[in-house]
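Below: the structure, in structure tokens.
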Amino acid sequence: MEIGEIICVFGYISLLISLQSETSSGSIQSIGKISPGFQGSQMTFIDRDGLFLLSNNSDFAFGFSTTPDVTLFLLVVVHMGSSQKVIWSANRGSPVTNSDKFVFDELGNVFLQKRGTVVWTTNTGGKGVSAMELQDNGNLVVLGSDSTVIWQSFDHPTDSLIANQVLKEGMKLVSDPSPNNLSYVLEIKSGDMILSAAFQNPQPYWSMRKDNRIIINKDGGVVATATIEGNSWRFYDSSKVLLWQFIFADNNDANGTWIADLGSDGFISFYNLQDVGENGATPTKIPTDPCGTPEPCGAYYICSSDNKCQCPSALSASGNCSTGIVSPCDGSNDSTQLVNFGEELGYFALGFLPPSSKTDLNGCKASCAGNCSCLGIFFQNSSGNCFLLDSLGSFKSSDRDSGFVSYIKVLSNGGGTIDEKGSSSKKPFPFVAIIVIGTVLVIAGLLYAAFRYYKWKKRLPESPQETSEEDNFLESLSGMPIRFSFKDLQTATNNFSMKLGQGGFGSVYEGALPDGTRLAVKKLEGIGQGKKEFRAEVSIIGRIHHHHLVRLKGFCAEGTHRLLAYEYMANGSLDKWIFKKNKEEFMLDWETRFSIALGTAKGLAYLHEDCDAKIVHCDIKPENVLLDDRFLAKVSDFGLAKLMTREQSHVFTTMRGTRGYLAPEWITNVAISEKSDVYSYGMVLLEIVGGRKNYDPTESSEKSHFPSYAFKMMEEGKLRDIVDTKLKVAAEDEESVSRTMKVALWCIQEDMHVRPSMSKVAQMLEGLSPVPLPPMSSPLGSRLHANFFKSISEEGTTSSGPSDCNSDAYLSAVRLSGPR
């Protein structure tokens with residue numbers, strides 16, 4: 001053999017060894033499937049642009065894709081045509097580095113790690129997994145040993161819906177955040193396809209039912225699924241009967257790969273992935289109106305039909321289109337006013353939102369002015385419909401009278417002043433302020449000197465009454481709630497003649513002010529507080545305003561009298577609506593119960609996360625959830641709360657609250673946190689769904705302690721057995737009932753660190769965050785609580801009654817108590 005031939009042979013052998021080594025490391029793309037034991041990072045597959053699994057038809061690939069930050073990567077399914085469109089992402093919110101690993105382990109679990117922490121997983125370990133397959137339609141599936149699908153990406157959509165992918169009720173498309181950090185959500189809701197802006201309270205702006213392009217195949221059905229088939233979007237009921245069609249393209253290309261893509265601009269675009277390019281057809285968009293989305297222009301700007309943006313005249317005269325309101329409930333003392341934006345403006349959500357109330361214009365304005373969350377109103381003269389908006393996007397211009405008058409809340413101090421017509425005048429603010437402040441200080445000094453001279457001349461010690469008057473002068477500058485005299489409230493309540501109820505800290509009476517405003521007036525009895533401490537806490541609580549918190553209207557601190565005046569709640573407390581004794585009595589339906597549960601969660605989330613001082617309620621129970629005339633839930637008695645600074649995460653405090661709702665850390669004398677409220681809320685949530693108290697000695701031994709029974713039913717896969725037997729649950733509500741039960745069981749976990757935050761609870765209830773199956777609570781903890789509640793019952797104290805924390809021994813640690 002020649003030397004040259006020997007060299008060629010050795011070269012060939014070396015090439016084979018190299019290829020074998022590369023194959024074993026995973027850097028050669030797999031076709032169709034990969035098997036357990038596969039792993040690698042973006043660096044492993046860098047010669048394949050990070051992609052390591054191809055579909056058999058080579059139309060789709062699975063692997064790592066770059067983000068705008070070229071050092072970070074997402075795990076994606078991507079279309080391999082000219083579009084290079086990512087149709088699904090595993091770790092959308094948690095990009096990884098080029099050394100972080102994708103793992104398909106021997107037990108069949110598939111996961112992605114970021115610095116050793118799992119950021120995404122299929123949770124398929126131990127389920128008899130045989131392979132992961134990328135199908136020809138772009139669906140990534142995990143297969144069992146009998147080739148059944150155990151997990152699939154089509155069940156977990158991101159921002160795209162591809163041909164033959166079924167979008168079911170409960171699934172959502174969520175866009176990437178816009179430049180203003182706003183996301184958009186597409187979902188099947190109440191038998192319709194709805195597109196919403198994901199504000200704190202979502203605002204819908206398109207529905208398929210109201211789109212005039214829809215073709216109705218069968219009227220009156222309830223949509224349960226939607227699928228792109230050819231050039232049309234098809235909507236089916238739960239029996240697979242075709243109800244509607246939306247044809248989005250004239251060309252029905254049988255070989256095309258059609259897709260619906262929800263963009264960060266709020267539009268859904270329909271197009272063929274095969275046609276993407278310079279000569280591709282213009283995509284069909286939803287909605288059709290270029291001003292029909294929340295952000296065609298900036299917030300508060302007006303979008304015109306020619307897609308131009310302009311500042312409203314009410315703001316442009318001041319030279320600034322920003323209202324200056326960033327967080328209206330931040331507790332600042334900045335004053336606000338409602339500015340008339342005119343009668344020729346529309347708003348994207350008005351055709352889809354239910355009105356907040358029916359009233360007159362003055363009533364609508366008053367509702368907004370009294371609610372710090374409200375940023376603006378739209379009022380319809382013809383119907384009396386009042387829309388209160390707690391978030392604002394762009395406005396829409398109207399060529400004719402829209403039928404609505406709009407008012408927007410703006411800061412009324414600083415820079416300039418804006419009148420009702422929108423006119424603005426610049427003031428020499430610094431000079432005027434200095435003159436005014438100086439004058440006030442001089443007058444105050446003269447008054448104080450005269451007062452001291454008068455006291456000296458009389459040679460009398462300051463009386464308590466005079467000290468109170470001086471306090472009154474000082475506190476008039478503090479922005480506290482209205483201070484009533486005892487006589488005012490005595491008159492308002494007709495000498496305390498109509499008693500609404502009795503709580504742990506006093507009695508509550510119905511009253512009315514001369515202007516007709518109804519009140520619930522609480523006479524506090526035996527609280528261990530002086531005037532100074534009482535007023536300080538009233539000042540804190542009086543500045544807290546939220547849609548789901550009972551509002552403190554005013555107070556009285558006169559001599560020995562301590563009274564609190566709250567807004568009147570027509571339907572009383574939650575307990576009388578969910579703990580029914582007679583079957584004939586009116587029962588709350590599921591929609592109302594869910595609304596109450598969600599509202600209570602949002603109120604608590606505000607106390608925990610959005611106040612200057614974090615507030616732990618310490619006494620969440622049905623008696624402290626009050627309902628207005630529309631059954632809107634509002635949390636009361638947060639005056640019992642423990643105020644915590646933002647730097648504190650846990651505190652030790654005297655035991656307080658109500659037996660039956662106390663978290664384990666109260667009983668075991670561990671430091672408490674806002675997670676103690678989460679536990680109590682979970683107990684209330686169980687009672688809302690179950691229609692019974694958490695401990696009921698009249699039930700069988702298995703069912704007497706409701707939380708233990710609920711965990712047992714969860715373990716047996718019988719969550720439906722926990723629901724109130726008298727409650728009729730519609731088929732479309734089954735998923736939300738199940739989700740609510742799982743949220744409740746997450747909340748009452750014995751380990752406080754496992755419990756979700758209240759903001760997370762609200763997101764899970766709304767379906768904005770997934771709700772995995774909760775872990776079982778400690779059997780020891782369940783026995784401890786069961787015995788604790790049983791001993792209470794045997795002592796003759798109900799689980800909903802006031803606790804021992806209301807006795808004299810604990811009153812020194814208790815603050816205020818709202819109406820019960």
Side-chain angles (χ1 to χ4, degrees), residues 120-124 127 151 155-156 168-172 174 187-189 578 588 590-602 604-605 620 622 633 661 663-664 674-694 702-703 705-725 727 729-779 781-782 785:
W120 170 79
T121 178
T122 59
N123 286 314
T124 52
K127 296 184 179 180
W151 177 95
D155 285 343
H156 306 272
K168 305 174 185 176
E169 188 169 10
M171 295 181 184
K172 296 181 180 183
V174 181
E187 60 184 325
I188 296 174
K189 196 173 183 180
I578 58 174
L588 298 180
W590 171 247
E591 185 177 354
T592 305
R593 295 192 195 202
F594 182 79
S595 174
I596 291 169
L598 182 59
T600 305
K602 289 182 176 179
L604 287 173
I620 298 299
Y661 303 90
E674 66 272 19
K675 293 298 184 72
S676 304
D677 280 353
V678 176
Y679 183 93
S680 303
Y681 171 82
M683 286 294 193
V684 173
L685 195 54
L686 276 177
E687 293 179 334
I688 289 174
V689 179
R692 52 156 290 182
K693 295 182 178 180
N694 55 59
E702 181 187 43
K703 295 183 178 181
H705 183 230
F706 194 33
S708 300
Y709 177 68
F711 275 113
K712 184 175 185 294
M713 292 300 98
M714 179 192 73
E715 192 174 27
E716 295 176 5
K718 301 176 182 177
L719 274 176
R720 187 64 180 82
D721 291 358
I722 308 170
V723 180
D724 190 342
T725 55
L727 180 65
V729 179
E732 62 267 21
D733 292 328
E734 289 283 355
E735 195 276 334
S736 68
V737 172
S738 175
R739 185 171 67 241
T740 303
M741 288 303 310
K742 288 190 285 186
V743 170
L745 297 181
W746 271 108
C747 290
I748 62 172
Q749 291 295 313
E750 186 173 344
D751 182 356
M752 70 168 72
H753 301 98
V754 177
R755 301 171 207 154
S757 65
M758 285 309 307
S759 58
K760 185 71 172 179
V761 167
Q763 291 173 359
M764 292 194 294
L765 287 175
E766 291 181 294
L768 298 177
S769 182
V771 188
L773 203 63
M776 287 294 293
S777 196
S778 163
S782 298
H785 281 76

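Computed from a predicted model, the values in this text were never measured in an experiment.
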I688 CD1 to S595 OG distance, which is reported to the nearest 0.5 Å
10.0 Å
List the atom of P756, the atom of M764, and the distance in Å for their closest heavy-atom pair.
CG-CE, 3.7 Å
Determine whether E674 and S757 make a side-chain contact, defined as any pair of heavy atoms from C-beta on separated by less than 4.5 Å.
no
Exercise: identify the closest heavy-atom pair between E169 and I188:
CG-O, 3.6 Å
Please give me the minimum heavy-atom distance between S769 and K760, naming the atom from each residue.
OG-NZ, 2.6 Å
CD of E715 to CG of L773: how many Å apart, nearest 0.5 Å?
10.0 Å
Rounded to the nearest 0.5 Å, how far apart are CD1 of I596 and CG of L685?
11.5 Å
What distance do S708 atom OG and M776 atom CE have between them, rounded to the nearest 0.5 Å?
8.5 Å
Do you know which two heavy atoms are closest between K742 and P772, and how far apart they sit?
CD-O, 4.3 Å
Quick check: do E716 and D721 have side-chain heavy atoms less than 4.5 Å from each other?
no
Nearest heavy-atom approach of G691 to D724 is CA-OD2, 3.5 Å
Check whether more than 12 heavy atoms from other residues, nucleotides or ligands sit under 6.0 Å from atom CD of E591, and answer yes or no.
no
Side chain of S680, backbone of Y661: donor and acceptor closer than 3.5 Å?
yes
Any side-chain heavy atom of V684 within less than 4.5 Å of one from T600?
no
Minimum-distance pair of heavy atoms, taken over all atoms of Y681 and C747
CD2-SG, 4.2 Å
Under 3.5 Å, is there a donor-acceptor pair between the side chain of R755 and the main chain of E750?
yes
Just do the side-chain contact (heavy atoms from CB on, under 4.5 Å) check on L768 and K172 with the steps written out, would you?
CA-CA 8 Å; L768 298 177; K172 296 181 180 183; 3.3 Å; yes
Under 3.5 Å, is there a donor-acceptor pair between the side chain of T740 and the main chain of S736?
yes
Evaluate the ring planes of W151 and W120, with Trp represented by its six-membered ring, and classify them as parallel (under 30°), tilted (30 to 60°) or perpendicular (over 60°).
perpendicular
Which is it for R593 and W590 under the side-chain contact (heavy atoms from CB on, under 4.5 Å) test, yes or no, and what are the steps along the way?
CA-CA 5 Å; R593 295 192 195 202; W590 171 247; 4.2 Å; yes
Gap between atom NZ of K168 and atom CG of D155 - 0.5 Å precision
5.0 Å
Please assess S738 against E734 for the test side-chain contact (heavy atoms from CB on, under 4.5 Å), listing each intermediate value before the final yes or no.
CA-CA 6 Å; S738 175; E734 289 283 355; over 6 Å; no
Rounded at 0.5 Å granularity, tell me how far CG in L686 sits from OH in Y709.
12.5 Å
Just so I know, are the side chains of N694 and E687 near enough to count as touching, which here means a heavy-atom distance under 4.5 Å?
yes
Find out whether R692 and K703 are in side-chain contact, i.e. whether some heavy atom of one side chain is under 4.5 Å from a heavy atom of the other.
yes
Is it true that a side-chain atom of K712 and a backbone atom of E702 form a donor plus acceptor pair closer than 3.5 Å?
no
Using atom types as modelled and distance alone, determine if a side-chain donor or acceptor of W746 lies under 3.5 Å from a backbone N or O of G682.
no
Evaluate E766 against K602 for salt bridge (charged side-chain N to carboxylate O under 4.0 Å, His left out), listing each step before the verdict.
CA-CA 11 Å; E766 291 181 294; K602 289 182 176 179; 3.4 Å; yes
Short side-chain to backbone donor-acceptor contact, R739 and V771, under 3.5 Å
no
Residues L719, M714; criterion side-chain contact (heavy atoms from CB on, under 4.5 Å); working and verdict:
CA-CA 5 Å; L719 274 176; M714 179 192 73; 4.0 Å; yes
Q749 side chain to P775 main-chain N or O, any donor-acceptor pair under 3.5 Å?
yes
